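Structure first, then comments.
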Amino acid sequence: MKDDSVKHPQAAAEFLKDRAQAKWHDSAIWWVRQKRDAQAKQLPEWEELRRLAREIKAHTLSQLDDYLAQFEANAQKNGVTVHWAADADEHNRIVHGILAARQVKKLVKSKSMLTEECGLNPYLEQRGIEVVDTDLGERIVQLRHEAPSHIVMPAIHLKKEQISELFHKELGTEAGNNDPTYLTHAARANLREHFLTADAGLTGVNFAIAETGGVVVCTNEGNADLGTSLPPIHIASMGLEKIIPKLEHLGVFTRLLARSAIGSPVTTYTSHFHQARPGGEMHIVIVDNGRSDILGNEDFYQSLRCIRCGACMNTCPVYRRSSGFSYSYIIPGPIGSTLGPSRDMKKHGSMAFACSTCGSCSNVCPVKINLHEQLVLHRKKAFDQNLLPTGKKMGLLAMRFLTQHPALFDLGGKVMRKVVPIIPESLTRHSAWSRAGRDLPPMPAQSFKEQYQQRSQNKKDKQDKKDKEEQQ
Amino acid sequence: MSTRDSILARIRQNRPQATALPDIHAVPFIRYDNPFEAFATLIRNLGGDAVQLAAGQSVADIVASRWPDAGRTVDLTLPEHEEVSDPHAWHDVDVAIVPGQLAVAENATVWVSHPDNHFRSIYFLTQKLVLVVPRDAMVDTMRDAYARIDMAEHGFGAFISGSSRTADIEQSLVMGAHGAMAALVIFV
Ligand code: SF4
């Protein structure tokens, strides 16, 4: 479970202490962003796909109650039991109830951020059920007793040496063997034992289809499939926003998801579950846990379109340089920074400030959520509710005063450009800029405004000259 | 009020302004001049391979020449094939040859869905997966694929593309996570 007392600036500073690892984190994630771009360029209809996805989701949210009811009815026709959970606790009670009634000793889980959100693992473990996360990245963080640091790449914060050490201790692999293939295959052998001996399997849900009453799960590893085709019980936990109207709409979303998430044309397995395996049973738990409240919030309900691809994290300059553990909410990065404060401003308010407002997240989002705009609105809310640390609040008030008094702003700039270069370094070393290990940049001779005016003037002069020449 | 009814009531009260459902067929999607080539090129990057059956050749020939030392082999494309009553019983299958209904050029996936849903575990337990697809069952994109599949039929279906893989350790791509370590698509 995640520690929700984390404050972003302090946690990020902590992460940045290990410069080499921080640099690696940044470049590893940027590489995924580049792969996403390469995939997007291969489809001429990419932007149209994003538009369609956005509109399908917007429509679905506008009739969500009808689609959920339709989904439920169709799932029941397929012989699936549907449950409803108002919050995390009810979700956990329902899942435990299903497992306890059949004396389940071991549950194999495939990746699900929703069960992280609900704190399902500790809940079941306290009640004597062994829970095995089976996605490799999830398994790694489970063995380390950590939460995932990214929603698609849960162990992206770790180096292979750390994983090798962990596996040596937990799975008995060779000490010092850091080869990713060796380590992955060792985990494969170990997890296969768990798949073959589990009494039940739990999956998340990528999409739920109202028209057919089934759910779709996308994985590269095949863990959701092994975990549901072997044990007799399949439980699928889904947030209520996962609904899409018809099977045909999957043709839009399955084209966007993996390309946006990992820069691959598709996940290895895109599996459509409509019934249990023969002789088994299937349950779907539909979870609210605050979602229906967000739906009623005009400024923030768009965040419910999210398909959890993680593209916004991969592009975010702040996330890449601060890691998922610097965010207090279970989902980090841009989307987490709008969902978290929507849930609880007091706990997660600092997340909305972990943003440079560069807008890159909104530009890559496959369902076109206005992420950076939502973050600015959350900041305003945090300010209005008086939740900012005094220093930050004073700074913002001073900034507001300055921007409302342009003459003073210009004067301040002028003084800075003259004074900063002559301040001795020993005095600037502890400024917010230099603390991160950077030197102060050289001060420009002119302000941006002056440069801009000069450029416009030059352009005008050139044009005048040209006009004159033409006239002659 | 039940949890169900109170959730639905809250949604009804909170739902945003109505917007129309777009027509996903009104937009042109990519077309391939040579879909087989597009498929074959892609699947090689995804840890798989694709071949076309030559005249006089059989699926069994191709499989035998590719994996001469294969262990337990199960061929579900034969009219008379092995049956098991428990899905765990496929745990030691080395090569599984299964029918694929449809292939998609844009992402090298094959749609598998068997009327008797108890074959499900073999697709994922086997070490090597061979998908046998009719040559003319190839579409360009996922949109075309969904127009051709009937979900009500079998209770389970999956698009499978290449071999099981992961990049969870330092972003190094490793083939063979939990499912098949190798995948071969044979167009017949
Ligand atoms: S907000 Fe958009 S980019 Fe971010 S995870 Fe959700 S769908 Fe992906």
Side-chain angles (χ1 to χ4, degrees), chain A residues 28 43-45 48 52 55-56 58-59 61-62 64-65 68-69 84-86 90 136-137 155 159-160 163 180-181 183-185 188 191 196 212 214 220-223 225-226 229-230 245 247-252 254-255 265-266 268-275 277-278 288 292 295-296 301, chain B residues 2-4 6-8 10-22 24 27-30 42 46 87-88 91 106-109 117-118 120-121 123-125 141-143 145-147 151-152 155-166 168-172 174 176-179:
Chain A
L43 291 184
E45 66 268 31
E48 282 291 285
L52 289 172
E55 288 176 8
I56 295 166
H59 164 82
L61 290 176
S62 76
L64 191 57
D65 47 336
L68 280 166
W84 299 76
E90 190 167 9
L136 178 59
K159 302 285 288 178
K160 58 186 179 216
I163 295 165
T181 304
L183 295 172
T184 299
H185 289 166
R188 170 189 172 98
L191 284 166
L196 287 164
T212 63
N220 277 315
E221 300 184 3
N223 52 326
D225 296 291
L226 282 169
S229 59
L230 290 166
L247 187 67
E248 66 171 27
H249 296 127
L250 279 172
V252 171
T254 52
R255 303 187 75 203
V266 70
T268 309
Y269 306 97
T270 306
S271 302
H272 305 56
F273 298 96
H274 285 70
Q275 283 168 18
R277 71 149 168 88
D288 183 344
S292 60
L295 188 70
Y301 82 92
Chain B
S2 69
T3 297
R4 173 194 187 273
S6 65
I7 291 175
L8 289 178
R10 199 159 49 236
I11 293 176
R12 170 151 290 273
Q13 201 180 7
N14 283 350
R15 64 189 207 177
Q17 223 179 358
T19 61
L21 195 57
I24 65 161
V27 178
F29 282 6
I30 195 166
L42 253 182
L46 302 173
H88 296 75
H91 76 97
E106 72 158 318
N107 56 13
T109 53
N117 175 12
H118 78 229
R120 241 167 90 171
S121 68
Y123 306 133
F124 314 105
L125 272 173
T141 69
M142 290 298 260
R143 181 175 66 186
Y146 281 110
M151 206 53 248
F156 174 82
F159 287 102
I160 300 182
S161 178
S163 54
S164 159
R165 55 187 179 265
T166 180
D168 275 340
I169 300 180
E170 266 196 28
Q171 285 296 295
S172 319
V174 178
H178 301 298

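Lettering follows sequence order; numbering is per chain, from 1. What you see is a predicted model; the values in this text were computed from it and never measured.
Shown here are the salt bridge (Lys or Arg N to Asp or Glu O under 4.0 Å) partners of A/Asp288, two or more places apart in sequence or in another chain: B/Arg10. Residues passing the salt bridge (Lys or Arg N to Asp or Glu O under 4.0 Å) test with A/Glu90: none are found, sequence neighbours excluded.
For chain A, the nearby parts of B/Leu125 are the backbone and the side chain; heavy atoms of each come within less than 4.5 Å. Interface residue A/Leu196: backbone and side-chain heavy atoms are both found under 4.5 Å from chain B. The parts of A/Leu250 that come within reach of chain B are both its backbone and its side chain, each placing non-hydrogen atoms under 4.5 angstrom from that chain. For A/Val266, the parts lying under 4.5 angstrom from a heavy atom of chain B are both the backbone and the side chain. Using a 4.5 Å cut-off between heavy atoms, A/Leu68 touches chain B through its side chain atoms alone. B/Gln171 touches chain A through backbone and side chain together, each having a heavy atom under 4.5 Å away. Contacts of A/Glu55 with chain B are made by both backbone and side-chain atoms, with heavy-atom separations under 4.5 Å. If you measure heavy-atom distances from A/Tyr301 to chain B, the contacts under 4.5 Å come from the side chain alone.
The two residues A/His59 and B/Thr19 come nearest to each other via the heavy atoms ND1-O, 2.7 Å. Shortest non-hydrogen contact noted between B/Arg15 and A/Leu295 is CA-CD2, 4.0 Å.
Of the residues considered (A/Leu230, A/Thr181, A/Leu52, A/Thr184), A/Leu230 shows the highest number of contacts with chain B, using heavy-atom pairs under 4.5 Å. Contact count against chain B (heavy-atom pairs under 4.5 Å) is highest for A/Ser62 among A/Pro278, A/Ser62, A/Gly251. The candidate from A/Leu191, A/Val252, A/Leu247, A/Leu64 with the greatest count of non-hydrogen atom pairs under 4.5 Å with chain B is A/Leu247. Ranked by heavy-atom pairs shorter than 4.5 Å toward chain A, the options B/His88, B/Arg143, B/Met142, B/Gln17 are led by B/His88. Ranked by non-hydrogen atom pairs under 4.5 Å with chain B, the options A/Arg277, A/Arg188, A/His274 are led by A/Arg188. Ranked by non-hydrogen atom pairs under 4.5 Å with chain A, the options B/Leu46, B/Ile24, B/Leu21, B/Ile7 are led by B/Leu21. Per-residue counts of heavy-atom pairs under 4.5 Å with chain B were compared for A/Pro44, A/Ser271, A/Gly222; the largest is that of A/Ser271. Interface check for chain A: of the options B/Ala20, B/Ala147, B/Pro28, B/Ser172, the most heavy-atom pairs under 4.5 Å are formed by B/Ala20. Options A/Pro245, A/Gly214, A/Gly137 differ in how many heavy-atom pairs under 4.5 Å they form with chain B, and the most are formed by A/Gly137. In terms of heavy-atom pairs under 4.5 Å with chain A, the best-connected choice from B/Pro22, B/Ala158, B/Ser163 is B/Pro22.
Aromatic rings of B/Tyr123 and A/Tyr269 (six-membered ring for Trp) have centroids beyond the 6.0 Å cut-off, not under it.
B/Ser161 contributes a side-chain N or O that, together with a main-chain N or O of B/Ala108, makes up a donor-acceptor pair within less than 3.5 Å. A distance-only check finds a donor-acceptor pair linking the side chain of B/Ser164 to the backbone of B/Ala177 [under 3.5 Å].
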* Can you check ring-ring contact (aromatic ring centres under 6.0 Å, His included) on A/His249 and B/Tyr146, steps first, answer last? -> CA-CA 8 Å; A/His249 296 127; B/Tyr146 281 110; over 10 Å; no
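Using a 4.5 Å cut-off on side-chain heavy atoms (C-beta onward), A/His272 and B/Met151 make contact.
Under the 30°/60° scheme for interplanar angles, the aromatic rings of B/Phe156 and A/Phe273 are found to be tilted.
Under 4.0 Å is where a charged nitrogen must lie from a carboxylate oxygen, and between B/Glu106 and A/Arg255 at least one such pair does.
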